[in-house]
Amino acid sequence: MVYGRTGDRFLDDPAYDDFFAAAAGLGQPVFIHPQIPSDVLRAAAYRGFDPMTELGLATFGWGWHVEAATAALRLILRGTFDRHPELRIVLGH
């Protein structure tokens with residue numbers, strides 16, 4: 001289980017290529033768990049509501065889904081599945 005980014009480093013960063021090679025080689029899926037959007041994104045996209053509504057919108061209401069989908073799209077566009085055709089990804093939530 002991993003998040004779509006660590007700090008400002010996205011999961012499609014070449015630094016994680018060995019991780020994906022190992023997962024593919026072992027035949028083990030990688031579960032991408034959504035995480036709360038970055039502070040910058042939360043401020044830009046989810047502000048302006050009371051704190052609970054903002055949190056709900058940024059997490060289970062919408063933000064988690066966008067975060068997990070973005071991580072998957074970045075893996076596709078970066079060619080991760082081309083390099084590791086046996087790799088299996090599970091998107092959480």
Side-chain angles (χ1 to χ4, degrees):
M1 183 173 81
V2 297
Y3 288 131
R5 66 180 158 71
T6 300
D8 291 332
R9 181 177 284 184
F10 290 98
L11 193 56
D12 62 291
D13 190 286
Y16 297 116
D17 205 53
D18 289 342
F19 168 75
F20 290 119
L26 293 169
Q28 294 298 309
V30 175
F31 182 93
I32 299 176
H33 193 282
Q35 70 191 109
I36 197 161
S38 68
D39 291 339
V40 171
L41 183 56
R42 281 186 71 184
Y46 303 111
R47 70 173 178 237
F49 300 98
D50 66 84
M52 288 304 296
T53 301
E54 178 185 317
L55 180 63
L57 184 60
T59 57
F60 61 85
W62 183 250
W64 280 348
H65 313 289
V66 172
E67 289 287 308
T70 300
L73 288 171
R74 290 184 64 101
L75 289 172
I76 293 166
L77 295 173
R78 183 78 77 145
T80 305
F81 296 99
D82 296 328
R83 289 188 307 282
H84 310 289
E86 300 302 316
L87 180 64
R88 300 294 176 252
I89 297 291
V90 177
L91 295 178
H93 301 271

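Values reported hereafter were calculated over all heavy atoms of this structure, with side chains retained and with hydrogens, waters and symmetry mates removed. Counting begins at 1 with the first residue of the sequence.
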Please check if Ile76 and Ile89 belong to a single hydrophobic cluster, counting links between Ile, Leu, Val, Met, Phe, Trp and Tyr side chain heavy atoms closer than 4.5 Å. yes
Would you mind checking if Arg47 and Glu54 are paired as a salt bridge, meaning a charged N to carboxylate O distance below 4.0 Å? no
Under the side-chain contact (heavy atoms from CB on, under 4.5 Å) rule, collect the residues that match up with Asp8, sequence neighbours excluded. none
Could you tell me the separation between the CD atom of Glu86 and the CG atom of Leu26, rounded to the nearest 0.5 Å? 12.5 Å
Exam field: side chain Arg88 to backbone Ala23, donor-acceptor pair closer than 3.5 Å: no
Thr6 side chain to Arg9 backbone, donor-acceptor under 3.5 Å: no
d(Asp13 CG, Phe19 CZ) to nearest 0.5 Å is 13.5 Å
Could you walk me through whether Leu41 and Glu67 satisfy the side chain to side chain contact (heavy atoms under 4.5 Å, CB included) test, starting with their C-alpha distance in whole Å, then the side-chain angles of each, then the deciding distance to 0.1 Å, before giving a yes or no? CA-CA 10 Å; Leu41 183 56; Glu67 289 287 308; 3.6 Å; yes
Determine whether Val30 and Val90 make a side-chain contact, defined as any pair of heavy atoms from C-beta on separated by less than 4.5 Å. no
Intermediate values then yes/no, side chain to side chain contact (heavy atoms under 4.5 Å, CB included), Leu73 and Asp12: CA-CA 9 Å; Leu73 288 171; Asp12 62 291; over 6 Å; no
For Asp39, does the CG atom sit with more than 12 other heavy atoms under 6.0 Å from it, leaving out its own atoms? no
What closest approach, in Å, do Gly92 and Ala68 show between heavy atoms, and which atom pair accounts for it? O-CB, 4.2 Å
Are Leu91 and Leu75 joined in one hydrophobic group, where the rule is that I, L, V, M, F, W and Y side chains link up if heavy atoms are under 4.5 Å apart? yes
Is Arg5 close enough and on-axis enough to Phe10, meaning under 6.0 Å and within 45°, for cation-pi? no
So, taking the atom named CH2 in Trp64 and the one named OG1 in Thr59, what distance separates them when rounded to the nearest 0.5 Å? 5.0 Å
Identify whether Met52 and Phe49 are in the same connected component of the hydrophobic contact network (ILVMFWY, side-chain heavy atoms under 4.5 Å). no
Where is the tightest heavy-atom contact between Arg78 and Arg83, given as atom of each residue plus distance? O-NH1, 3.1 Å
Can you see which heavy atom on Pro37 is nearest to which on Tyr46, and at what distance? CG-CE1, 3.8 Å
Between Phe81 and Val2, is there a shared hydrophobic cluster once you connect ILVMFWY residues whose side-chain heavy atoms come closer than 4.5 Å? yes
Quick check on the hydrophobic clustering: are Tyr3 and Phe31 connected, directly or via other members, by side-chain heavy-atom contacts under 4.5 Å? no
Taking all atoms of both residues into account, what is the closest heavy-atom pair of Phe20 and Leu11, and its distance? CE1-O, 3.4 Å
